[in-house]
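Here is the naming used below: chain letters follow the sequence lines, and residue numbers restart at 1 for every chain. Computation of the quantities below employed the complete heavy-atom set of this structure, encompassing side-chain atoms and omitting hydrogens, waters and symmetry-equivalent molecules.
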There are 2 protein chains.
Amino acid sequence: MIKEKVVKCECTIIHNDIVEKTRKEMPKDETLYDLAEIFKIFGDSTRIKILYSLFKNEMCVCDISALIGTTQSAISHQLRLLKQAKLVKYRKDGKIVYYSLDDSHVKSIFNEGLRHIEEN
Amino acid sequence: MIKEKVVKCECTIIHNDIVEKTRKEMPKDETLYDLAEIFKIFGDSTRIKILYSLFKNEMCVCDISALIGTTQSAISHQLRLLKQAKLVKYRKDGKIVYYSLDDSHVKSIFNEGLRHIEEN
DNA sequence: TTGTTATATGAATAGTTGTTCACATGTTTA
DNA sequence: TAAACATGTGAACAACTATTCATATAACAA
């Protein structure tokens with residue numbers, strides 16, 4: 001016996017019109033990937049805490065780790081990701097590095113998220 | 001030799017006033033965790049695509065997998081997560097299950113995210 | 001210069017997660 | 001009833017990720 005099961009498309013398109021209509025309305029794949037990338041950044045409580053820390057004041061790495069209660073190293077690693085995502089910026093003053101928010105949408109995105117939580 | 005290095009707090013709080021002020025303004029930890037959980041859900045392109053699929057019409061599992069180009073099984077697993085996060089709801093019609101959006105904030109959150117992308 | 005402090009970073013590790021595969025469940029149809 | 005079909009789900013696996021540890025870098029202080 002060569003093959004016991006017939007290989008078949010496991011899925012039948014039931015509502016072809018809706019599928020095609022929706023396909024045309026979808027943003028292009030690249031956009032959706034980028035969108036997922038940004039939310040992936042927000043999907044970690046350490047990073048959320050870092051961003052919240054910076055809502056009103058700039059802070060140095062040391063301050064942030066003390067505030068959040070995590071290793072300086074861990075914070076530094078996460079700040080690198082936030083930098084890459086253009087969510088924070090920094091300025092150096094001697095050996096101290098001050099980080100601050102670099103995006104105006106973070107607050108509104110967080111607020112929308114909070115509203116979802118509150119309703120559930 | 002028992003210990004070569006002296007264990008020390010690796011971090012000095014430099015700006016104690018800012019740290020304390022910020023600590024008081026932070027949402028409580030539980031809220032921040034919940035917030036991260038929601039964004040974690042949005043942080044996957046398959047789930048983003050599913051949610052976008054449902055922006056204008058309800059769709060059955062088969063339609064969604066055909067549209068997105070992923071296994072029915074993978075879609076089904078992801079729909080479970082979206083259900084748990086109360087982002088989608090469903091209705092059954094015979095053996096067909098129709099899914100639809102169950103949250104009014106998804107669109108505005110996505111739009112804010114898109115605005116961030118457009119600026120970078 | 002030497003020691004100290006603030007921050008960055010590579011490597012290793014443990015934990016998490018998305019997909020696949022095989023199969024179960026439940027519904028419809030012949 | 002048996003076969004076909006839509007969907008759900010547990011287990012396994014591969015890929016990814018957050019933290020830790022050790023150490024590097026760079027600026028300052030003595």
Novice: Could you tell me whether the side chain of B:S76 has a donor or acceptor atom within less than 3.5 Å of a complementary atom in the base of D:dT9?
Specialist: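 Checked by distance alone, the answer is no.
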Novice: Measure CD1/B:I68 against P/C:dT19 and give the value in whole Å, please.
Specialist: 10 Å
Novice: State which of D:dT20, C:dG18, D:dT7 makes the closest approach to the side chain of B:C62.
Specialist: D:dT7
Novice: Please give, in whole Å, the distance from C:dT7 P to A:I75 CD1?
Specialist: 11 Å
Novice: Just N and O in the side chain of B:R47: are any of them under 4.0 Å from OP1 or OP2 of C:dG18?
Specialist: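 So the side chain of B:R47 is within the cut-off, an N or O lying under 4.0 Å from OP1 or OP2 of C:dG18.
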Novice: Is there a donor-acceptor pair under 3.5 Å between the side chain of B:D63 and the backbone N or O of A:V19?
Specialist: no
Novice: Side-chain N or O of B:Q78 versus OP1/OP2 of C:dT17: is the shortest distance under 4.0 Å?
Specialist: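 Negative; the distance criterion is not met.
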Novice: Can you find a side chain N or O atom of B:Q72 that sits less than 4.0 Å from OP1 or OP2 on C:dT20?
Specialist: no
Novice: Can you tell me how far P of D:dA29 sits from CD1 of A:I96, to the nearest Å?
Specialist: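 My rounded result for the distance is 10 Å.
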Novice: Between C:dT17 atom P and B:L81 atom CG, what is the distance in whole Å?
Specialist: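 So the two atoms are 9 Å apart, to the nearest Å.
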Novice: Using modelled atom types only, decide if a donor and an acceptor are shared between the side chain of B:T22 and the backbone of B:I18 within a distance under 3.5 Å.
Specialist: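 At least one qualifying donor-acceptor pair exists.
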Novice: Identify which nucleotide among C:dT27, C:dT20, C:dT9 has an atom closest to any side-chain atom of B:K95, counting heavy atoms from C-beta outward.
Specialist: C:dT27
Novice: From the list C:dT7, D:dC5, C:dC21, which nucleotide is the closest neighbour of the side chain of A:C60?
Specialist: C:dT7
Novice: With the six-membered base ring of C:dT9 as reference, does the ring of A:H77 sit under 5.5 Å away with planes under 30° apart?
Specialist: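 Stacked: ring centres under 5.5 Å, planes under 30°.
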Novice: With a cut-off of less than 4.0 Å, is there a side-chain N or O of B:T71 near OP1 or OP2 of C:dT19?
Specialist: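 No, outside the criterion.
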Novice: Would you say a side-chain N or O of A:T46 is under 4.0 Å from OP1 or OP2 of D:dT19?
Specialist: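 True: A:T46 side-chain N/O within range (under 4.0 Å) of D:dT19 OP1/OP2.
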Novice: One thing to verify: whether A:E20 and A:R23 come together as a salt bridge, which I'm taking to mean a side-chain N less than 4.0 angstrom from a carboxylate O.
Specialist: yes
Novice: Tell me whether the guanidinium CZ or amine NZ of B:K40 lies under 6.0 angstrom from the six-membered ring centre of A:F39 and within 45° of its axis.
Specialist: no
Novice: Tell me if a side-chain donor or acceptor on B:K89 pairs with a main-chain N or O of B:K83 at a distance below 3.5 Å.
Specialist: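 Pair absent, no side-chain N/O of B:K89 close to backbone of B:K83.
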Novice: Grab the NZ-P distance between B:K40 and D:dT17 for me, whole Å please.
Specialist: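 It is 12 Å, rounded to the nearest whole Å.
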Novice: May I ask you to check whether A:F110 and A:F42 place their ring centres under 6.0 Å from each other?
Specialist: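 Close enough - the centres of the two rings lie under 6.0 Å apart.
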Novice: Could you please name the option among D:dA27, C:dG18, C:dA8 that lies closest to any side-chain atom of B:D44?
Specialist: C:dG18
Novice: A:Y98 or B:A74: which one's nearest nucleotide on DNA chain C is closer to the 5' end?
Specialist: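 Nearer the 5' end of the strand: A:Y98.
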Novice: Quick check for you: among C:dT20, D:dA6, C:dT9, whose closest atom lies nearest to any side-chain atom of A:R80?
Specialist: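 Between C:dT20, D:dA6, C:dT9, the one nearest the side chain of A:R80 would be C:dT9.
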Novice: For DNA chain D, whose closest nucleotide is more 5', that of A:E37 or that of B:D63?
Specialist: B:D63
Novice: Over how many whole Å does the gap from B:I41 atom CD1 to C:dG18 atom C1' extend?
Specialist: 12 Å
Novice: Can you tell me the distance, in whole Å, between the OH atom of B:Y90 and the P atom of C:dT27?
Specialist: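 After rounding, the reported distance stands at 12 Å.
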Novice: What is the separation between atom CG on A:L79 and atom P on C:dT9, rounded to the nearest whole Å?
Specialist: 11 Å
Novice: Are any of B:Y99's side-chain N or O atoms less than 4.0 Å away from OP1 or OP2 of D:dG8?
Specialist: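 True: B:Y99 side-chain N/O within range (under 4.0 Å) of D:dG8 OP1/OP2.
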Novice: Go nucleotide by nucleotide along DNA chain D from the 5' end; which of B:V97 and A:G94 gets its closest nucleotide reached first?
Specialist: B:V97
